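Reading through the structure tokens given below for one structure.
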There are 2 protein chains.
Amino acid sequence: MNNWVGMTEEQAGIVQKARKRVIESIGKNMDLYGVTLSTGHLYGMMFFQDKPMTLDEMGEEMGMSKTSMSTGVRTLTDLKMVHKVWEKGTRKDLYEVEPDWYQTFADFFVIKWQKSIEMNVQSLRKSAAELKRLGENDPDNEALQSIVATDTRKLEEAIHYYLWLGRLIDTFESGEVFKLVPKEEPQADSK
Amino acid sequence: MNNWVGMTEEQAGIVQKARKRVIESIGKNMDLYGVTLSTGHLYGMMFFQDKPMTLDEMGEEMGMSKTSMSTGVRTLTDLKMVHKVWEKGTRKDLYEVEPDWYQTFADFFVIKWQKSIEMNVQSLRKSAAELKRLGENDPDNEALQSIVATDTRKLEEAIHYYLWLGRLIDTFESGEVFKLVPKEEPQADSK
DNA sequence: ACGTTTGTAAAGTTTTTTCTGTACGTACAA
DNA sequence: TTGTACGTACAGAAAAAACTTTACAAACGT
């Protein structure tokens, strides 16, 4: 995984143990991004790699098949957590972790949540339109009107929420979010 | 699922179809919250329920076992997407969907992400401390110092990111987020 | 106290997902 | 063109998750 030349066994072991703790913690928590434990582990491992890695190197390091590395890396690149690196002289694909985690965070919501929002809004709008038509066609039917009114209100509130969520994610994408929540912790007032 | 009295078969069918579309869309997208399709479906179904439901009613409606409803509802209550309702006269537990989706969104991050952040920060800090000690014990070893420096920088950047993420989630929790992204879409300037 | 009802734990089954090994298409080198 | 290296699609095996049935403990009514 690294060049341990110039260090004692013990020193190398301490570094490896420190890395391993972090790798496993990251890997374990990456289920929030919808990736499997082992893909999360792969990501964590790559995080400590200074050089871009090939699929073979990953397989070696992870003790897993190259096929698994291929699918794992695909998942991670789809999420823009890892990207392909071009390097002349080798025919192998090289990958490295996207170092800007703020960007990774934003990308995740743009990629996954934004799509989900669009799907839901579309369903909600379509159903709301159908209910509207239904209500208009039989305005004197109280039972019907009552249900249509209740459902319509729910659908509209949901749409309202999703539009807000979309705007929130827009602020992630544009970087505007860093106005409200700066990357640097605000300095305490000096007297 | 509802009182269809006073409506024609056709009308009831249209309402049901409209609901079903939304329920399935919601259910399908709730994997972002780490819940299964069927639990998401359960949530969507309860969303259209006007009254709190019992486990038996859910099982009936979902065509699933009561045990599954029990575990599904547990998942949803843990996420505060659904909560228990007290009603005298019945021994059964009653549950209903939390209607404030903004709150649900905030709770999700507080419950799931905040915990994940804490775990990661703890691992990162511990490993950073170990590396610091390691470096201090052998200051002339260049190979060692180089690795320690590289890893330490990575760990610190990661901690920095997680602290930011924690502050972001704090703004969800406190409602401060609505200052930057208001629930109401800002009105266009009238000339 | 005794019998019911209710919710869930535990064990077992089914379904889904993950991972591996093989096979194949493409790209490059000679 | 032929041969080799590379990444991935595909099929099957292994592992994990979801769901059901059974069983049981706690709470209630009588």
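This one's a predicted model, so the numbers in the text were calculated from it and none came from an experiment. Numbers restart at 1 for each chain; the letters A, B, ... are given by sequence-line order, proteins then strands. Just so it is clear, the values below take in all heavy atoms, side chains as well, and ignore hydrogens, waters and symmetry mates.
A nucleotide of DNA chain D counts as in contact with chain B when one of its atoms lies under 4.0 Å from a heavy atom; the first and last such, 5' to 3', are D:dA18 to D:dC28.
Counting to the nearest Å, the C1' atom of C:dC19 and the NE2 atom of A:His41 are 16 Å from each other. Across the protein-nucleic acid pair, B:Met53 atom CE and C:dG7 atom P stand 13 Å apart, rounded to whole Å. Counting to the nearest Å, the C1' atom of C:dG7 and the CG atom of B:Leu94 are 13 Å from each other. The interatomic distance linking B:Met58 (CE) with C:dG7 (P) rounds to 9 Å, in whole Å. Atom CG in A:Leu55 sits about 16 Å away from atom P in C:dG21, given to the nearest Å. Between A:Trp86 atom CH2 and C:dA27 atom P there is a gap of 11 Å when expressed in whole angstrom units. Rounded to an integer number of Å, the gap from A:Met69 CE to C:dT20 C1' is 11 Å. Atom-to-atom, CD of B:Glu57 to P of C:dT6 comes out at 11 Å; the value is rounded to the nearest Å.
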task = Tell me, with the steps shown, if B:Ser65 and B:Ser68 meet side chain to side chain donor-acceptor pair (under 3.5 Å).
result = CA-CA 5 Å; B:Ser65 73; B:Ser68 289; 3.2 Å; yes
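The neighbour count for B:Lys115 NZ, taken as heavy atoms of other residues, nucleotides or ligands under 6.0 Å away, does not exceed 12. The local environment of CD in A:Glu157 is crowded, with over 12 non-hydrogen atoms from other residues, nucleotides or ligands closer than 6.0 Å. Around the NZ atom of A:Lys17, the shell of radius 6.0 Å holds no more than 12 heavy atoms that belong to other residues, nucleotides or ligands.
B:Glu130 meets the salt bridge (charged side-chain N to carboxylate O under 4.0 Å, His left out) test with A:Arg21; sequence neighbours excluded.
Of the two residues near DNA chain C, A:Thr36 and B:Tyr95, the one whose nearest nucleotide lies more 5' is B:Tyr95. Along DNA chain C, the nucleotide nearest to B:Thr54 and the one nearest to A:Thr67 differ in position, and the one closer to the 5' end is contacted by B:Thr54.
In this structure, B:Tyr33 has its ring center no closer than 6.0 Å to that of B:Trp113. Between A:Phe47 and A:Tyr43, the ring centre distance reaches or exceeds 6.0 Å.
Interface remark: the B:Arg91 side chain does not form any donor-acceptor pair with the C:dT6 base, using a distance-only criterion of under 3.5 Å.
At a threshold of 4.0 angstrom between heavy atoms, the contacts of B:Ser68 include nucleobase atoms, whether or not backbone atoms are also involved. As judged by a 4.0 angstrom heavy-atom cut-off over every strand, A:Ser38 is placed among residues touching the sugar-phosphate backbone only.
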